[in-house]
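Just follow the structure's listing: the first ligand is 1, and inside any ligand the first atom is 1.
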Amino acid sequence: LKISLKSGERNKTSPLLHGLFFEDINHSGDGGIYAELIRNRAFQGSQDVTGGKKDLTGYRAIGKGVKIELDVTQPLSDALRTVMKVTVPANATGEVGFLNEGWWGIDVQPQTYNASLYIKPHGPTFNRSSTIAGLTFSLRSNLTDDIWVKKNVPFPENISTFRYTHLQTTLTPPKAAPNSNNTFAVTWNGKAAAGQIFYFNLISLFPPTYKNRPNGLRKDLAEVLEGIEPKFLRFPGGNNLEGISIDTRWQWKKNIGPLVDRPGRPGNWGYWNTDGLGYLEYLYWCEDMGIEPLLTVYAGYSLDATGINPANTVPPDELDFFIQEALDQLEYAMGDVNTTWGALRAKHGHPEPFSIKYVEIGNEDWFSDSYYWRYPRFLKALKEKYPDIMYISSQAVEENPTKKNVTIPPGNMWDLHHYQTPQFFKNNFNYFDNWQEVNNYPNVTIFVGEYSVLSRDREGGVDWANGEGRFAYPPMLAAVGEAIFALAMERNPHVVKLSSYAPLLQNWNAYQWTPNFVAFSANPKDLVRSTSYYQQALFSKYLGYETLKTVNVKGDFNPLWWHASISKDQKTVYVKVVNSEAKKQTLNLEFDQVIKAANATVMRNDDEYAFNFIGNSTIVPRPKTIPRKEIKGKKLKYEVEGWSINVVELKF
Ligand code: AHR
């Protein structure tokens, strides 16, 4: 392989190539990266989203005869109408109250937690003179009698019996609990409150968050995502943007502002979304991580609970309402404080406008047969107001030959999704080469918005119906397939500008999709970075600034796949090499300058089906020393081990 260092033979690599795609799936948001530790904090229900049934999932009563039940007669707000009624029996003694088990446990560390809730004593049963003076908040073991921390939270004087009171405090356990099987308990004196009734809602417990953002992100998960050096965040979906009906679509106007005003919604992945992680929180996520927001706006098409329902398309004469919603959404992020929505953002705490450079119109609209008229209407209206944004189409010509196609005008982008087999990615290594010319898409660029190796190679590709061959966790083979596709993207920087793996996060306790990038539970020790994660972390770290010209002197791609680039300071060359077979291969590299030094980082495994798992994440990139004798002047002989992903760093 000959590699030229001549400056005239280079292309700029795409600086934003690797990023994140997030939607609430697999409890990646509620019970995941959204740091709220209380499950079902506002009694919005859990699993029965289409039936709309509320439940007490996560809660248990404390004390003999104490009754906890749902109540709709004492709403906290218009948005949070179902509350928990706690009845203390007339003969109560000792400790009474309730506990919450968290999202399958609560991790207790010596750090400060913010705890809060809304309470209203029931007027007719409330006895001011004999009653309790406050509540006790505590973090305790779910297995033993251990209480890790507790604090009394007094009621304000003359606590109201017709309005809710917000009680807040901090809890700082002196030491870590030995495991994450812990609960958050709210208790009080049973004897003093005998025969009384109390209503509760929006029970909340936050650990310290990523960058200390109030109502923010779970720190360890956000930091793991930082580890791939992402450049952008696509949000809020995916299917979860679209809704299981038009009315239950992700609605930004309902997920901003105080939490008491956020009703949440039945998410597309079978569980209720609290929307605590709302539009502004996503923008903060981008700001705090220093990455570009890539916003998907609802484009008038929803899914249904079972699949695709064509009836869920907004009629043409009602589309303007949704276009206006998207325009307002952009104004909320980017308008100054003199605009209606910009002023609201300022009121919510962020007077400085955000900058949004990428907007995707809808998601996977090749499933619909109406994008051909919805897309141009959105594009025209949004472009008129925000001409500098790059607009991304979620359907392109080749995806659905049986349906009416859209035409993506030059200067715009297309979002391509591939959940595939390793063989597919090998077969499509040259997919992006001359893509614009072949498809007659002058100056249209590509965002590979969702991709991953979903199953092993099998006749007919991915078996969507039965899941035969589908991976539970990304094995080495998946990382190899994705690495090949990533090289295909990186070597075509004029075509592919952005890419993101999907799905991003998986809660070990409840998930709807496999394989995933990072898996976790309440216990930070259960956090697993997959082989796919490490592959991307490696390629993202060594992205390079310019692509170098490579010429195959002997042999073609397969089983070796490669790409060469140079760093911004022009001091280091990165040669990325993937071996998609078990047999060791030799790669002979020749440069037009003398090599001064070379070393490598390699991720590999003999067993292509091996994967990282809790307590056993051994498939990671490791440094590899290149023997000095392999470097001869301008030449380097590099041994590429079987099933390996390599980055060779060279100095000249
Ligand atoms: O990533 C899971 C789903 O795959 C996304 O929600 C959707 O866009 C795609 O079909």
Side-chain angles (χ1 to χ4, degrees), residues 19-30 32-33 49 225 230 232-245 248-250 265-271 273 277 282 294-309 312 358-368 371 375 392-396 399-400 403 413-421 424 446-455 461-465 467 470-474 478 482 485 498-507 510-519 530 532-533 536:
L20 305 171
F21 161 50
F22 178 87
E23 70 172 333
D24 208 329
I25 178 174
N26 304 323
H27 281 283
S28 55
D30 284 322
I33 200 164
V49 285
L225 298 183
F232 66 88
L233 173 71
R234 171 179 179 237
F235 66 89
N239 292 1
N240 207 29
L241 162 80
E242 297 169 278
I244 49 177
S245 64
T248 60
R249 70 193 182 281
W250 187 88
R265 57 182 279 266
N268 282 66
W269 294 103
Y271 55 92
N273 289 188
L277 177 56
Y282 282 115
L294 190 161
L295 181 62
T296 46
V297 294
Y298 180 77
Y301 175 72
S302 298
L303 307 172
D304 68 14
T306 51
I308 315 304
N309 178 357
N312 275 340
Y358 297 89
V359 169
E360 179 164 358
I361 299 169
N363 173 64
E364 293 195 340
D365 275 281
W366 64 81
F367 282 122
S368 82
Y371 199 60
Y375 166 70
I392 305 168
S393 159
S394 78
Q395 186 194 337
E399 285 175 319
N400 210 330
K403 296 187 177 173
M413 202 178 248
W414 169 46
D415 175 7
L416 162 77
H417 294 180
H418 276 316
Y419 295 100
Q420 278 297 349
T421 62
F424 175 91
I446 294 182
F447 165 34
V448 182
E450 299 180 28
Y451 77 101
S452 63
V453 168
L454 190 106
S455 95
V462 168
D463 174 10
W464 286 102
R470 186 163 180 162
F471 294 133
Y473 319 103
E482 288 147 16
F485 205 49
L498 309 154
S499 71
S500 39
Y501 181 99
L504 197 58
L505 295 168
Q506 170 193 11
N507 189 316
Y511 51 87
Q512 297 75 40
W513 185 289
T514 69
N516 298 285
F517 207 47
V518 171
S530 67
S532 300
Y533 171 93
Q536 227 175 93

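Checked by atom type and distance alone, the side chain of E23 pairs as donor or acceptor with a backbone atom of N239 at under 3.5 Å. Side chain of R265 to main chain of T248: a donor-acceptor pair is present (N/O by atom type, distance under 3.5 Å, no hydrogens or angles). Panel note: side chain S452, backbone L454; no donor-acceptor pair is recorded below 3.5 Å. A distance-only check finds no donor-acceptor pair linking the side chain of N507 to the backbone of N26 [under 3.5 Å]. Between the side chain of E482 and the backbone N or O of V453 there is at least one donor-acceptor pair closer than 3.5 Å.
Neither the backbone nor the side chain of F367 has any atom closer than 4.0 Å to an atom of ligand 1 (non-hydrogen atoms only). Of the heavy atoms in N268, none comes closer than 4.0 Å to ligand 1.
Here the heavy atom of the protein found nearest to atom 1 (O) of ligand 1 is Y419 OH, 2.7 Å. Here the heavy atom of the protein found nearest to atom 7 (C) of ligand 1 is N239 OD1, 3.2 Å. In terms of protein heavy atoms, atom 8 (O) of ligand 1 is closest to E450 OE2, 2.8 Å.
Ligand-side atoms of ligand 1 in range of E23: 1 (O), 2 (C), 3 (C), 5 (C), 6 (O), range being under 4.0 angstrom from any heavy atom.
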>> Pair S455, T421 - check side-chain contact (heavy atoms from CB on, under 4.5 Å), show working.
In response: CA-CA 5 Å; S455 95; T421 62; 3.7 Å; yes
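For W513, no nitrogen or oxygen atom sits less than 3.5 Å from a nitrogen or oxygen atom of ligand 1, counting backbone and side chain alike. Checked against a 3.5 angstrom limit, the closest N/O atoms of E364 and ligand 1 fall inside it.
Note on ring orientation: taking the six-membered ring where Trp is involved, the planes of F235 and Y282 are parallel (angle under 30°, cut-offs 30° and 60°).
Residue-ligand proximity: P503 is placed with a non-hydrogen atom under 4.0 Å from ligand 1.
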